There are 2 protein chains.
Amino acid sequence: MDNGRVTIRDVAARAGVSIATVSNVFSGNKPVNADLRERVLKAAEELAYQVDRAASQLRSGQARVVGVLVPDLDDVFFTSLVSQLEVLAERDGYDILVASSRDDLGLEQSRLRTLLAWRPSGLIAVPCSDAVPEALRGEVGRLPIVFADRVPPEGSIVDTVAIDNREAGEIAARHLLAKGHRDILVAASSLAISPIRERVHGACDLIRSALDREPTVVELGSNADRGAATFRHWLERHKQPSAVIALTNVTTLSTLSALARLRIDIPDPVSVVGFDDYPWMSARKTGLTAIRQPIAEMAEAAWNRLRARMAGDRTPPTHSVMQTSLQARDSVRDLAAMAEHAGSRDPDPLPNPERPAASRKAVH
Amino acid sequence: MDNGRVTIRDVAARAGVSIATVSNVFSGNKPVNADLRERVLKAAEELAYQVDRAASQLRSGQARVVGVLVPDLDDVFFTSLVSQLEVLAERDGYDILVASSRDDLGLEQSRLRTLLAWRPSGLIAVPCSDAVPEALRGEVGRLPIVFADRVPPEGSIVDTVAIDNREAGEIAARHLLAKGHRDILVAASSLAISPIRERVHGACDLIRSALDREPTVVELGSNADRGAATFRHWLERHKQPSAVIALTNVTTLSTLSALARLRIDIPDPVSVVGFDDYPWMSARKTGLTAIRQPIAEMAEAAWNRLRARMAGDRTPPTHSVMQTSLQARDSVRDLAAMAEHAGSRDPDPLPNPERPAASRKAVH
DNA sequence: GTTTTACTGTAAAACGTTTAACAGGCGCCT
DNA sequence: AGGCGCCTGTTAAACGTTTTACAGTAAAAC
């Protein structure tokens, strides 16, 4: 109380006990008699004592803080992830240090280094490349690490949580094919990002095998505005597709912006399947049909894995793969039904060859 | 190198210097000879040494970490703020601990306490009530604190950064009045939040003085989906307004969702002025007219204030007030022009009595 | 009645830094 | 030549905890 910061010593003095006892009361490491505990808590309350985490961590090696690294804090997908993780961490008494790599490998390096300097109990990262970042090399065995969303397709040396990206692409493509679309454009953010590549492959392979035709792929980047400009440009000098699959929430935005700007309506003449599921997607006259990622479940899976590792689990890395599902709304036109109608065939409005996408995880 | 964690001592040994020298090389507190510094850096490099922030902070009292508390990490406005702050913090060599109060006073208390336990160098908070949170009482003089966005209207004992909420409401109302709207509904998130109250007052006062009529105010809460349901309910049992002012990005979403669900078009029969400026607002056929908050500038102002305080500034608290501006797009119908046209008067399509809203800050 | 055992509390030694106090070397001014 | 600063480096003492080793007491076992 002398200089302003009240320490364990002040509390001990006021309660008339040793500092070890105060420590035991707060850390719960050793049992302490009920009335003594009372005295200590009372003294602490009166002095507004708070254990100093730096000191505590220095001595014990236990940090109760986890680092969270994402590529972009302006992308709702990542902030949703962070939001969920914050809740889970808080529930378990952890704090989170968040850092953004802005999709830059150099920055990722340095952000990771500063995160590691805190000696966190764990790390959840959405890396910006396929490889394990250099800064993490030395830590792989030691520090609990979970990679989320962007994970090397061939499995990894650390625990991972991601969706089935290939399937996500397939679901989108299958839906459009079922609705009779044949001229499908695939809008990706960047093919340099492996999960995006997977989604593209999922969509393209399916389309190719169904239509025997190679679908066009455009890269719109990770910025909504620039992506919109790019896509507008593209639209102005190419034949209009009958449908576009946007493989990212940002590319969805880019796609919609460009179409809006060119006054091209949805779903006629152009249908759209978007990615992710956010409130703005249903806050429009023609609600957006989209591939839903189970973000909450991903966060939970990542957190649970991290918890297990932090609790000492030394089993080989696991790779959780979550299922995506199609949230059907109004942005896809049913060309098939129209064709049938035109040909005055059987009514049978929805010949639905889609398989129901269960949203549960499969652990390898 | 023995147990796995490499310390300053290992580096000192390998470089053949004292630990103080190593410390000086890394902290830069005292100058150290060029070749010695080289030796030290080389040794550190080889051992992959990283200074332990807990130990460093314990001894020096310097944390190089700031706490960031927001009410909701699922609200784009707050995550945008966090995103900007992360960039600024990174630039200046700080890390950020982020916590969400989920708009709950009790949780805010406990989150603040755990943030404070880190002995951060500063704190940027968007509090969930008007008052200075209990947990911060003791820190007000000591710890650099900046409140953002939600600040007590009468000024505060800590530095604050916010927009001119009253004016924001006025700008929205003025725009609608200028466009000939007379039946204006004000959609707020919660009147318990003081900045929202201010925005409501700004809009209502202006409308009242222009029309001599009390506008209706609805509270839609801070969750987009629940707000949409609430608003839908409201719309079903009240006379349809000619325009809606949504005073929050979330209420904007709620408003649009409800209208979309009821198949009510925008801007005819219902015009909408939204809040904030996000990509999804222009990714629609009728782009959304909205009140733009200068988030980047707010973050910068908050950070600069915090930096100054952290550098020892002891002057009385300042209160930055930023200007909002109207981003006009297509969601407001010009009833005035139509009326004129109908009366076959002068063409004069845009009698625009709005004052241009400069977006620069004023410091009190 | 003495020895174990169990239980609680304490003293003191860490933890890995920073920093105050100090020491040695060298140039500079009387 | 001796004294004074300045520069650079070292030693050792913090910082506020946790934790190990130990001591004292009471209950249980012999």
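Predicted model only: the values in this text are computed from it and were never measured. Residue numbers start from 1 in every chain, and the chains themselves are labelled A, B, ... in the order their sequence lines are given, proteins ahead of strands.
Straight-line distance from the CD atom of A/Gln57 to the C1' atom of D/dG16: 13 Å, rounded to whole Å. Between the P atom of D/dT8 and the CD1 atom of B/Ile19 lies a distance of 20 Å, rounded to the nearest Å. If you take CG of A/Asn33 and C1' of C/dC7, they are 10 Å apart, rounded to a whole angstrom. Rounded to whole angstrom, the span from the NZ atom of A/Lys30 across to the P atom of C/dC7 amounts to 12 Å. For the pair A/Trp118 CH2 and C/dT17 P, the interatomic distance rounds to 14 Å; values are reported in whole Å. What separates CD of A/Gln62 from C1' of D/dT19 is a distance of 12 Å, to the nearest Å. C/dG16 atom P lies 17 Å from atom CG of A/Asp52, rounded to whole Å. Atom CZ of B/Arg53 is separated from atom C1' of C/dC15 by 18 Å (rounded to the nearest Å).
Looking at the side chain of B/Ser27, the nearest of the listed nucleotides C/dT18, D/dG9, D/dT17 is C/dT18. Distance from the side chain of B/Val32 is smallest to D/dG9 among D/dT17, D/dT8, D/dG9. Residue B/Asn24 places its side chain closer to D/dT10 than to any other of D/dT17, D/dT10, D/dC22. For B/Ser60, the side-chain atoms get nearest to C/dT18 when compared with the rest of D/dG16, C/dT10, C/dT18. Minimum atom distance to the side chain of A/Ala20 is reached by C/dA11, of the listed C/dG16, D/dT8, C/dA11.
Between A/Ile8 and A/Phe26 there is no side-chain heavy-atom pair separated by less than 4.5 Å.
Residues A/Glu134 and A/Arg113 are not paired through a salt bridge, judged by the lack of any N-O separation under 4.0 Å between the basic side chain and the carboxylate. In this structure, B/Arg307 does not pair ionically with B/Glu300, as no charged nitrogen and carboxylate oxygen lie closer than 4.0 Å. With respect to A/Asp159 and A/Arg309, a salt bridge is recorded, a charged nitrogen being found less than 4.0 Å from a carboxylate O.
Looking only at atom types and distance, the side chain of B/Trp303 has a donor-acceptor partner in the side chain of B/Asp92 under 3.5 Å away.
The residue among A/Arg59 and B/Gln50 whose nearest nucleotide of DNA chain C lies closer to the 5′ end is A/Arg59. Nearest-nucleotide positions on DNA chain D for B/Leu36 and A/Ala54 put B/Leu36 closer to the 5' end.
For B/Thr21, the side chain to side chain donor-acceptor pair (under 3.5 Å) partners two or more places apart in sequence, or in a different chain, are B/Ser18.
The pairing partner recorded for D/dC30 is C/dG1, the criterion being a Watson-Crick or G-U wobble arrangement whose two distances lie under 3.5 angstrom.
For the OP1/OP2 pair of D/dT18 and a distance below 4.0 Å, the side-chain nitrogens and oxygens of A/Ser23 include at least one atom meeting the criterion. An OP1 or OP2 oxygen of D/dT18 is reached within less than 4.0 angstrom by a side-chain nitrogen or oxygen of A/Ser56. Checking the phosphate oxygens (OP1, OP2) of D/dT10, a side-chain nitrogen or oxygen of B/Ser18 falls inside 4.0 Å. OP1 or OP2 of D/dT10 lies within a sub-4.0 Å distance of a side-chain N or O belonging to B/Thr21.
At a threshold of 4.0 angstrom between heavy atoms, the contacts of A/Phe26 with the nucleic acid are absent.
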